[in-house]
Amino acid sequence: MRARLKAPTEGGVRRKRKAEGAGVPSPLLDDALAERLAAAARDPALLREPPTPQADGPIYVTKPFLPPYAEFEPMLREIWDRKVLTNGGPYHHEFEARLAEHLGVAHVALFNNATTALIMALRALGLSSGEVITTPYSFVATSHALMWTGLTPVFADIDPVTLNLDPKAVEAAVTPRTRAILPVHCYGHPCDVDGLAAVAERHGLKIVYDAAHAFGVRDAGGSVLRHGDLSVLSFHATKVFNTFEGGAIVCPDAARKEQIDKLKNFGHDGETSVIEVGLNGKMSEFNAALGLLQLRYIDSVIDRRGAIDAAYRAGLTGIPGIACLDGVGEVRANYSYFPVLVGPDYPIARDALWEILKREGIHTRRYFHPLISDHPMYAGLPSAGRAGLPIAAQAADRILCLPIYPDLEPEVVARTVARIADPLRT
């Protein structure tokens, strides 16, 4: 059964997608752990047994994967010896080329972070005034980028199944001042790209996708990053693929990449000519070197996250009032988050469950609560009222993201599931 916000639902099970292209085996992703996760997914009863004693230290909602330091050290030495730290060094150029190949896209422009990349993407498309229709159900950086660019966010409601922007709500929000649409592939699940493209075509609008959650996600036609005029990735430490900090803009052609490369370098066109108002958005050699190493492991990392996803789903199935979000037909998912919706038929409120898990050292997150439109810098906008965003408001009040990262122990999954199954246990 799919999670859907228009009516209370019970635990849903997403059909298991076949993992593709396993990456390089990692000493940090051992086979024994994978086997224990698979056993938990095959036998959900293992996840409902009395919980094991609390592990040392808190369990956070995510933890960054890092490759073996021994593999990174020679690259650090190379950077030290070259003394080329930034401004498009050798690792930067190699990472751009290898990343575009891995993702199956034409061109990639690397950035120091995704927020800067999002601002520059809007700037590259000539968007500096007017309205942009976007989702209230995201991290604040999505709308902050609009404000930094001089654009006015107009919030539209989300789809009750995918929690992505609803094309019908977007259509209803279009005015003569609308210039673009800024959707988010929430939790890495693709938006209704065809529906949004149809709205954009009817009204002559640009589309910039905030694809911060969508690294490596593919639909039937290929990379989900190919959609829209531009897509923006995040390589923040909390993301599936990280370079400590970092981001990128996926560009459809060489001309757009050349423009964006100038924008992220203060608008320079050569040594003495400045042709646009740019800023410093360049990725350093240290970040690019880590990115190259991460590419060796990312397929294995995603496969492991998929095994954790399957274990959670097996354990949570049938718990009244708990609904797992379904995929939307991705050919390759990335399992960037594990969100559940806590419905009205669950014995306690979402926030009470959040508190119980936190006291037991399991730090879940209420992504995304509150809504962007609830924050004071946005609350006064005409589109910000919760009455006009009923699905988003309901999602914000019910969502809970459970811990998921590649080396998460199945015992932690079991402890989390057991507590959710019996929240009133003393």
Side-chain angles (χ1 to χ4, degrees), residues 21-31 33 60 62-117 120 211-216 223 225 232-251 257-258 260-262 264-266 268 279-305 334 336 405-408:
V24 175
S26 167
L28 307 179
L29 298 174
D30 62 277
D31 291 339
L33 180 58
Y60 293 107
T62 191
K63 185 169 68 173
F65 173 82
L66 292 172
Y69 177 74
E71 295 181 13
F72 193 40
E73 192 171 22
M75 304 180 85
L76 292 176
R77 176 56 61 188
E78 284 274 323
I79 295 170
W80 245 255
D81 291 345
R82 288 173 180 159
K83 295 182 170 53
V84 177
L85 306 183
T86 185
N87 287 351
Y91 284 141
H92 180 282
H93 288 302
E94 184 182 356
F95 182 37
E96 276 195 337
R98 295 262 308 276
L99 181 61
E101 181 182 7
H102 177 87
L103 294 172
V105 298
H107 299 277
V108 170
L110 296 174
F111 274 79
N112 54 1
N113 62 66
T115 305
T116 302
M120 289 296 95
H213 302 173
F215 185 97
S223 171
L225 305 173
V232 176
L233 285 164
S234 172
F235 306 146
H236 185 264
T238 60
K239 298 301 187 288
V240 169
F241 181 94
N242 82 83
T243 59
F244 301 143
E245 283 273 10
I249 299 178
V250 175
C251 309
K257 173 173 163 50
E258 181 180 3
I260 288 171
D261 284 344
K262 292 172 182 175
K264 73 177 182 182
N265 189 28
F266 305 99
H268 275 290
L279 46 66
N280 184 2
K282 301 184 296 293
M283 177 179 279
S284 80
E285 283 290 271
F286 298 97
N287 303 96
L290 179 63
L292 283 167
L293 276 183
Q294 296 282 43
L295 286 176
R296 298 181 186 177
Y297 296 99
I298 185 59
D299 286 339
S300 292
V301 165
I302 291 174
D303 289 346
R304 179 58 52 81
R305 297 178 78 101
N334 70 4
S336 56
Y405 45 86
D407 58 347
L408 184 69

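If you check the side chains of Lys282 and Asn112, you find no donor sitting under 3.5 Å from an acceptor. Side-chain atoms of Asn287 and Ser284 include a donor-acceptor pair closer than 3.5 Å. Side-chain atoms of Ser234 and His236 include no donor-acceptor pair closer than 3.5 Å.
Looking at every heavy atom in both residues, Asp261 comes nearest to Ala109 through OD1-CB, 3.7 Å. Here the closest non-hydrogen pair linking Pro67 and Gln294 is CD-OE1, 3.4 Å. Ala114 approaches Val232 most closely through the heavy-atom pair O-CG1, 3.7 Å. Considering every non-hydrogen atom in both Thr243 and Gly291, the closest pair reads CG2-CA, 3.6 Å. Between Glu96 and Lys257, the shortest heavy-atom distance links the atoms OE1-NZ, 2.9 Å. The two atoms that bring Ala214 and Leu225 nearest to each other are O-CD2, 4.2 Å, heavy atoms only.
Side-chain atoms of Val84 and Pro90, non-hydrogen and from C-beta on, do get closer than 4.5 Å to each other. Using a 4.5 Å heavy-atom threshold, the side chains of Glu71 and Arg296 count as touching. Contact annotation: the side chain of Val105 never approaches that of Leu99 to less than 4.5 Å [non-hydrogen atoms, C-beta and beyond]. Within the 4.5 Å cutoff, no side-chain heavy atoms of Leu279 are placed close to those of Asn265. Side-chain contact between Met120 and Phe111: present, with at least one pair of heavy atoms (C-beta onward) separated by less than 4.5 Å. In this structure, Leu103 and Leu233 have side chains that are in contact, with non-hydrogen atoms separated by less than 4.5 Å. In this structure, Tyr405 and Phe65 have side chains that are not in contact, with every pair of non-hydrogen atoms separated by 4.5 Å or more. Under the 4.5 Å side-chain criterion, counting only non-hydrogen atoms from C-beta, Leu66 is not in contact with Tyr297.
Under a 3.5 Å cut-off, the side chain of His268 and the backbone N or O of Lys262 do not form any donor-acceptor pair. Within the 3.5 Å criterion, the main-chain N or O of His213 finds a donor-acceptor partner in the side chain of Asn334. A donor-acceptor pair is defined here as one N or O able to donate and one able to accept, closer than 3.5 Å; such a pair exists between the side chain of Lys264 and the backbone of Leu110.
Phe241 and Phe95 have parallel rings, their planes meeting at less than 30° on a 0 to 90° scale where 60° marks the start of perpendicular.
The side-chain tip of Arg82 points at the ring of Tyr91 from less than 6.0 angstrom away and within 45° of straight on. Geometrically, Lys239 does not engage Phe215 in a cation-pi contact, judged by NZ or CZ lying under 6.0 Å from the ring centre and within 45° of the ring axis.
Put simply, CZ on Arg77 and CZ on Phe72 are 13.0 Å apart, with the number rounded to the nearest 0.5 Å. One distance of note links CD1 of Ile298 with CZ of Arg305; it measures 8.0 Å at 0.5 Å rounding. With values rounded to the nearest 0.5 angstrom, Glu245 atom CD is found 12.0 Å from Leu290 atom CG. Atoms NE2 and CD1, on His107 and Ile249 in that order, are 14.0 Å from each other to the nearest 0.5 Å.
Comment: Arg98 engages Glu94 in a salt bridge, judged by a side-chain N to carboxylate O separation of less than 4.0 angstrom.
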Inset, instruction - Please lay out, stage by stage, how Thr238 and Lys63 fare under the test side-chain contact (heavy atoms from CB on, under 4.5 Å). - result: CA-CA 7 Å; Thr238 60; Lys63 185 169 68 173; over 6 Å; no

